[in-house]
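Computed from a predicted structure; not experimentally measured.
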Protein chains: 2
Amino acid sequence: MSVTTLHRPTHRDALGLLETAFGGGRLVTVFGRCTVEYDGRASSSLGPGDRLIICKPDGTILVHTDEKRKPVNWQPPGCTHRVSVREGRLRIRSERSAPEERLDVDFERIEQVSAYEVTDRSDLTLTGSEEDLRQRILDDPALIEPGFVPVATERETTAGPVDVFGADADDRPVVVELKRRRVGPSAASQLQRYVDALDEEFPGEYVRGILVAPSVTDRAAALLEERGLGFVALDPVGEDGDGSGSDSNRSGGSGGDDSESDDSESGTVDGA
Amino acid sequence: MSVTTLHRPTHRDALGLLETAFGGGRLVTVFGRCTVEYDGRASSSLGPGDRLIICKPDGTILVHTDEKRKPVNWQPPGCTHRVSVREGRLRIRSERSAPEERLDVDFERIEQVSAYEVTDRSDLTLTGSEEDLRQRILDDPALIEPGFVPVATERETTAGPVDVFGADADDRPVVVELKRRRVGPSAASQLQRYVDALDEEFPGEYVRGILVAPSVTDRAAALLEERGLGFVALDPVGEDGDGSGSDSNRSGGSGGDDSESDDSESGTVDGA
DNA sequence: ACGTCGATTTCGAGG
DNA sequence: CCTCGAAGTCGACGT
């Protein structure tokens, strides 16, 4: 049986299913009226309401309301789930140590419990990451500027690992910091930090810093300017050949359409 | 009816329920064998497997596998869901513009569909945030150091807003950057950024920078030292009176136990 | 374990 | 809208 579901179960029946499901490595959903208490890195309290709780066999627990992408409460993988019934409430408790954290979901009423048998061997493939941007630059270093030669990636410095370390046409050390999307002040600071560190490593040499991203905010641009840092506008995916390695800030549009016709009936919901 | 569930429905029946549920502002879960394609800020592809899909009335869609806290694929609130059946597959498509993004979940087989009526008026209360740390300091500025006087919070600078701006006993400008937990190099950079900005605002004056956090990493401590920045060890919650305003790095333990005895039966699952 | 940083980060606040 | 920074961030990879 791939799915087991109880509709409006007694707490005792729900507890039985939950025990079996937890023991059998199943994914579980519980829907009902509950309160949630959390204590650990922070503390939180959530009054009564109807929510969807998801318990994963890896120890994850999620409490979802009807809004937002993030669970209102949760526990990360590696936790231990326990179920108990007392004083007319069904409690799911999730705990872990290091750090010491506990989440209690107390159900006053359970509308539905389901236990799913999950099989999923597929891995996600994703493109458009910073890693893709790095590969793009290693494949064609001139995208940074003519004469740029990459020497190392993730090169360690006292301030942390540098995305791409290399040399320019005049053999000066160059630090390249990559960002897959438009950047703000923090990216400029990060680059500055690496340049400072390498300045100490290469006394007497002028260490250049170049930020590579689709675009920068005004404030970030000002910081870069102030610090004598360079900027190269580049997308992680090379939709169109943009190889001008200069100090121009422009935003990269995200294109790529492929049309597909609709079919038969269709239901729609518009987000809030 | 608070919950409507179909077990192993035909695609047509599932589509009917989904349309009704989407139209009625319900939270929906679908479990079955599916593939997922995403294109937008990045692009991803996920081969066939059994997954739990959650569609929220605010336009959120989540694709969860049996592992991890984060969905393997998703779409944020504000998207539009559409359902269709074609060539033996049921497709849930979620789209938005600004940015242009699309997520397609194609079901080959549906084990279960449920539509939940969610009512949740309760708000989450959370303690232990950076805001709590700030309040703690405003209540007792001497926690920073004797003679410290807060002047403004979120004070704007050319480098961004400063958490707490004030003056020390000698009336020198002080920038305070708050972090609710142990910090790394980025926090030191952030503070440095603000100090630099205020240095320009107060020519001729020495602007001090102080990082307030439970603790710092070695590298962050080195960066602070290098830059002449101060550090005060402080937790967002004042579990024990720690008012020493000095350069000691120590990690803050998270306490607070309240014991509760177990009861009746109990099922357990250990994370991986 | 801890450190460091990326992320389709998400999220909220403010301009 | 955009900018900016927090987050119980999570997660991966390294030491």
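- Contact annotation for A:Pro185: backbone-only contact, meaning every heavy-atom pair under 4.0 Å involves sugar-phosphate atoms and none involves a base.
- Between A:Phe148 and A:Gly166 the shortest heavy-atom distance is CE1-CA, 3.9 Å.
- Using a 4.0 Å cut-off, no side-chain N or O of A:Lys68 falls inside it from OP1 or OP2 of C:dT10.
- Taking only side-chain nitrogens and oxygens, B:Arg219 comes nearer than 4.0 Å to OP1 or OP2 of C:dT4.
- Along DNA chain C, the nucleotide nearest A:Arg180 and the nucleotide nearest A:Ala98 are compared for position; the residue whose nucleotide lies closer to the 5' end is A:Ala98.
- Comparing atom distances between the B:Pro77 side chain and each of C:dT4, C:dC11, D:dA6 picks out C:dC11 as nearest.
- The side-chain heavy atoms of A:Asp235 and A:Arg136, taken from C-beta on, include a pair separated by under 4.5 Å.
- A:Arg193 places a side-chain N or O within 3.5 Å of a backbone atom of A:Ala159 that can act as its donor or acceptor partner.
- Judged by distance alone, the side chains of B:Glu95 and B:Thr80 never bring a donor and an acceptor atom under 3.5 Å apart.
- Across the protein-nucleic acid pair, B:Leu62 atom CG and C:dT9 atom P stand 16 Å apart, rounded to whole Å.
- Look at A:Glu177 and A:Lys179 and you find a salt bridge, because one of the NZ, NE, NH1 or NH2 atoms lies within 4.0 Å of a carboxylate O, short of that distance.
- Side-chain proximity of B:Thr217 to the nucleotides D:dA6, C:dT8, C:dG3 is greatest for C:dG3.
- Each of B:Gly160 and A:Trp74 was matched to the nucleotide of DNA chain D holding its nearest heavy atom; the match closer to the 5' end belongs to B:Gly160.
- D:dG8 and C:dG14: their C1' atoms are spaced 25 Å apart (whole Å).
- Among the protein residues, A:Ala220 comes within range of no part of the nucleic acid, since none of its heavy atoms lies under 4.0 Å from any strand.
- If you find the closest nucleotide of DNA chain C to A:Arg193 and to B:Ala42, the one lying nearer the 5' end belongs to A:Arg193.
- The two atoms that bring B:Arg69 and A:Thr60 nearest to each other are CA-CG2, 3.8 Å, heavy atoms only.
- Between the CZ atom of A:Arg96 and the P atom of D:dG8 there is a distance of 13 Å, rounded to whole Å.
- For A:Glu101 against D:dG8, a side-chain N or O and a base N or O form a donor-acceptor pair under 3.5 Å.
- For A:Arg134 and C:dG6, the shortest distance from a side-chain N or O to OP1 or OP2 is not below 4.0 Å.
- A gap of 15 Å separates the C1' atoms of D:dA7 and C:dC5, to the nearest Å.
- The side chain of A:Arg69 contributes no N or O atom lying less than 4.0 Å from OP1 or OP2 of C:dT8.
- Residue A:Arg41 has its side chain nearest to D:dT9 when only D:dT9, C:dG3, D:dT3 are considered.
- Nucleotide C:dT8 holds its C1' atom 15 Å from the CG atom of B:Asp104, rounded to whole Å.
- Counting distance only, with no hydrogens placed and no angle test, the side-chain atoms of B:Asn73 and the base atoms of C:dT8 include a donor-acceptor pair under 3.5 Å.
- At C:dT10, none of the side-chain N or O atoms of B:Lys70 fall inside 4.0 Å of OP1 or OP2 (strictly under the cut-off).
- At C:dC5, one or more side-chain N or O atoms of A:Tyr194 fall inside 4.0 Å of OP1 or OP2 (strictly under the cut-off).
- The nucleotide whose nearest atom lies closest to any side-chain atom of A:Arg182 is, among C:dT8, D:dG5, D:dC2, D:dC2.
- Rounded to whole Å, the distance from CG on B:Asp235 to C1' on D:dG8 is 14 Å.
- Backbone-only contact: B:Ser129 has heavy atoms under 4.0 Å from sugar-phosphate atoms and none from a base.
- In this model, no side-chain donor or acceptor of B:Glu130 finds a partner on the base of D:dG5 within 3.5 Å.
- For the pair B:Arg181 CZ and C:dC5 P, the interatomic distance rounds to 13 Å; values are reported in whole Å.
- If you take CD of A:Glu154 and P of C:dT4, they are 14 Å apart, rounded to a whole angstrom.
- When the P atom of D:dG5 is taken as reference, atom NZ of A:Lys179 falls 14 Å away, rounded to whole Å.
- The side chain of B:Gln190 places no N or O atom within less than 4.0 Å of a non-bridging phosphate oxygen (OP1 or OP2) of D:dC4.
- For A:Pro161, the listed nucleotide lying nearest its side chain is C:dC5; candidates were C:dT10, C:dC5, D:dT9.
- Between B:Asp104 and B:Arg93 there is a salt bridge, since a side-chain N of the basic residue sits under 4.0 Å from a carboxylate O of the acidic one.
- Positionally, the nearest nucleotide of DNA chain D for B:Glu177 lies more toward the 5' end than for the other of B:Glu177 and B:Glu67.
- Rounded to an integer number of Å, the gap from A:Asp132 CG to C:dT8 P is 11 Å.
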